[in-house]
Amino acid sequence: MCASVSPSVNLQATFEQPYARYEAADHRVWATLYERQCRLLAKHGCTAFLAGLDVLQLPADRVPDFAALNRALTQASGWQVVAVDGLIDESVFFSLLAQRKFPVTWWLRREDQLDYLEEPDLFHDLFGHVPLLADPTFGDFIQRYAMLGLEARDADELTRLARLYWFTVEFGLMRSPEHEGGLAVYGAGIASSPAETLHSLTGAGVQHDRFDTATIVSTAYRTDTLQMRYFVIDSFNALFDAVESLRANRMPAANVDRLAA
Ligand SMILES: C[C@H](O)[C@H](O)[C@H]1CNc2nc(N)[nH]c(=O)c2N1
Ligand SMILES: N[C@@H](Cc1ccccc1)C(=O)O
Ligand SMILES: [Fe+2]
């Protein structure tokens, strides 16, 4: 009898934050990136991101302690962060998000990687993603997105979902007349990278396209370089509509094999 994947099995991918393992260099990396990105995002970050950052009350001078962070985050949003080694299996990822648990990589980039890193580290996952979880609309969208992910039936559906996540949660921009250039940052991959924050808004040859679910789910992307195409939403409601339209347009269930005995 095949073991059903229960939440307890998934939690093997997560563990206690090994706080004692951080060295002075790690705390310096956090302090430098935190100061730099708070300054840049004060100007270019969307309102909800800055409001979320304020709720979290993250330390400026040292790597945040997940237990202390969770006391503020859980009270505000029902979300909590859990420590992981890095990218985890999609089904485990979806299962955690569906339980309002956000996986945060426990290690930090090196000092020579401050501006941009090709894979998510603690600064990206925590500073980039977690502030918006404190926004009710965005936090609910992430959970509904994950629930759809748990129902995905085939690789094509998973690819479409990964693309939706990539061009919104990771690299999304929002139209905002009050912001310089009429654009505000909400994507975590932009918010956690000093280089990409500026590049996404004014980079040479960068394309800003209107958000369109059908276009996004059929657009391939590179994970290891600055993006050249960003999609712009008017509000987080567009993300909700996207998940609901993907749910509504799901492939019909594969025909049950009628020949089976
Ligand atoms: C679903 C999403 O698009 C992507 O494939 C997942 C895979 N696993 C992950 N694992 C971690 N830790 N963080 C992530 O953002 C993701 N993204
Ligand atoms: N490029 C991001 C990290 C990241 C890597 C891969 C995917 C998403 C985000 C940064 O430097 O902060
Ligand atoms: Fe991310």
Side-chain angles (χ1 to χ4, degrees), residues 10-15 17 29-30 32-34 36-38 40-41 45 49 66 79-99 101-133 138 141-152 154-172 185-200 203 216-217 219-228 230 239 242-243 246:
N10 294 336
L11 293 184
Q12 279 164 0
T14 70
F15 43 82
Q17 180 189 19
V29 164
W30 171 269
T32 307
L33 276 173
Y34 186 75
R36 193 173 297 180
Q37 288 308 93
C38 280
L40 269 181
L41 291 166
F49 181 90
F66 289 6
W79 280 90
Q80 59 183 289
V81 300
V82 289
V84 294
D85 256 334
L87 288 176
I88 56 180
D89 174 83
E90 240 150 6
S91 60
V92 179
F93 181 70
F94 288 135
S95 166
L96 287 170
L97 293 188
Q99 301 167 63
K101 290 184 172 83
F102 196 87
V104 174
T105 304
W106 72 270
W107 51 264
L108 275 140
R109 68 189 74 183
R110 295 191 314 269
E111 291 182 283
D112 65 327
Q113 301 171 306
L114 279 186
D115 272 345
Y116 178 86
L117 186 64
E118 293 182 5
E119 56 182 314
D121 70 336
L122 185 148
F123 188 77
H124 166 71
D125 283 329
L126 206 167
F127 182 90
H129 281 286
V130 179
L132 278 181
L133 296 181
F138 194 88
F141 153 71
I142 293 285
Q143 187 173 22
R144 289 179 69 82
Y145 166 85
M147 288 157 70
L148 194 55
L150 287 175
E151 297 163 24
D154 59 33
D156 289 348
E157 208 169 331
L158 284 171
T159 299
R160 287 196 292 277
L161 285 168
R163 288 169 174 171
L164 174 63
Y165 191 85
W166 186 264
F167 288 112
T168 57
V169 180
E170 291 297 1
F171 291 98
V185 171
Y186 77 92
I190 304 173
S192 65
S193 161
E196 192 124 20
T197 303
L198 297 170
H199 168 81
S200 70
I216 281 179
V217 299
T219 302
Y221 57 85
R222 292 265 312 261
T223 64
D224 58 349
T225 178
L226 294 173
Q227 305 296 304
M228 289 309 286
Y230 299 88
L239 303 182
V243 163
L246 284 185

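Numbering of ligands and ligand atoms starts at 1, following listing order. These numbers were taken from a predicted model, which means no experiment stands behind them.
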Donor-acceptor check, side chain of [X] to backbone of [Y], threshold 3.5 angstrom: yes or no?
| X | Y | answer |
| --- | --- | --- |
| E196 | L226 | no |
| E170 | G187 | no |
| Y145 | L239 | no |

[X] versus ligand 2: do any nitrogen or oxygen atoms come within less than 3.5 Å of each other?
| X | value |
| --- | --- |
| Y116 | no |
| R109 | yes |
| L117 | yes |

Open item on the list: Run the side chain to side chain contact (heavy atoms under 4.5 Å, CB included) test against R110 and tell me which residues pass, sequence neighbours left out.
Closed with: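 With neighbours one apart ignored, the set is D112, Q113.
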
TODO: Could you pull out all residues at least two apart from V169 that satisfy side chain to side chain contact (heavy atoms under 4.5 Å, CB included)?
DONE: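 Side chain to side chain contact (heavy atoms under 4.5 Å, CB included) check on V169 returns H129, F138, F141, I142, Y165.
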
Open item on the list: With no hydrogens and no angle check, just 3.5 Å: does a side-chain donor-acceptor pair link T105 and D121?
Closed with: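 Absent: no donor and acceptor within the cut-off.
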
Open item on the list: Do D85 and W106 pair up side chain to side chain, a donor and an acceptor below 3.5 Å, judged on atom types alone?
Closed with: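 Present: a donor and an acceptor within the cut-off.
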
Task: CA sep, side-chain torsions, deciding dist, call: T197, Q37, side-chain hydrogen bond (donor to acceptor under 3.5 Å, both in side chains) - done: CA-CA 9 Å; T197 303; Q37 288 308 93; 3.0 Å; yes

Task: Rounded distance (nearest 0.5 Å) linking atom OG of S193 with atom CZ of R36 - done: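 So the gap between those two atoms works out to 10.0 Å.
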
Open item on the list: Could you measure the distance from the CD atom of Q143 to the CZ atom of F94? Nearest 0.5 Å is fine.
Closed with: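 One finds 13.5 Å between CD of Q143 and CZ of F94.
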
Under 4.0 Å from any heavy atom of [X], which atoms of ligand 2 are there?
| X | result |
| --- | --- |
| P120 | 5 (C), 6 (C) |
| W166 | 7 (C) |
| E118 | 5 (C), 6 (C) |
| E119 | 3 (C), 5 (C), 6 (C) |

Hey, what polar pairs (N/O, under 3.5 Å) does ligand 1 make with protein?
unit_1, atom_1, unit_2, atom_2, d
ligand 1, 5 (O), E90, OE2, 3.0
ligand 1, 8 (N), I88, O, 2.8
ligand 1, 10 (N), I88, N, 3.0
ligand 1, 12 (N), G86, O, 3.0

- [ ] Would you list the protein N, O or S atoms within less than 2.8 Å of the Fe ion (ligand 3), leaving out water?
- [x]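 H124 NE2, H129 NE2, E170 OE1, E170 OE2, with waters left out.
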
TODO: Give the residue, atom name and distance (to 0.1 Å) of the protein heavy atom nearest atom 9 (C) of ligand 2.
DONE: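 The protein heavy atom lying closest is H124 CE1, 3.4 Å.
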
TODO: Tell me which protein heavy atom sits closest to atom 12 (O) of ligand 2, plus the residue, atom name and distance to 0.1 Å.
DONE: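 Protein heavy atom at minimum distance: S192 OG, 2.6 Å.
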
Open item on the list: Taking the side chain as everything from C-beta on, heavy atoms only, tell me whether S95 gets closer than 4.5 Å to L150.
Closed with: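 The answer is yes; the side chains approach within 4.5 Å.
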
Task: Pairwise side-chain contact, T32 with E111, heavy-atom cut-off 4.5 Å (strictly under) - done: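 They are not in contact (no side-chain heavy atoms under 4.5 Å apart), so the answer is no.
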
Task: ligand 2 versus F127: contacting region, heavy-atom distance under 4.0 Å - done: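 For F127, no heavy atom sits under 4.0 Å from ligand 2.
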
Open item on the list: Could you report the tightest heavy-atom contact between R222 and Q227, atom names first, then the distance?
Closed with: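 Nearest pair, atom of R222 first, then Q227: O-NE2, 2.9 Å.
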
TODO: Answer with yes or no after comparing the ring centroid distance for F127 and F123 against a 6.0 Å cut-off, counting only values under it.
DONE: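 Distance test on ring centres: under 6.0 Å, yes.
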
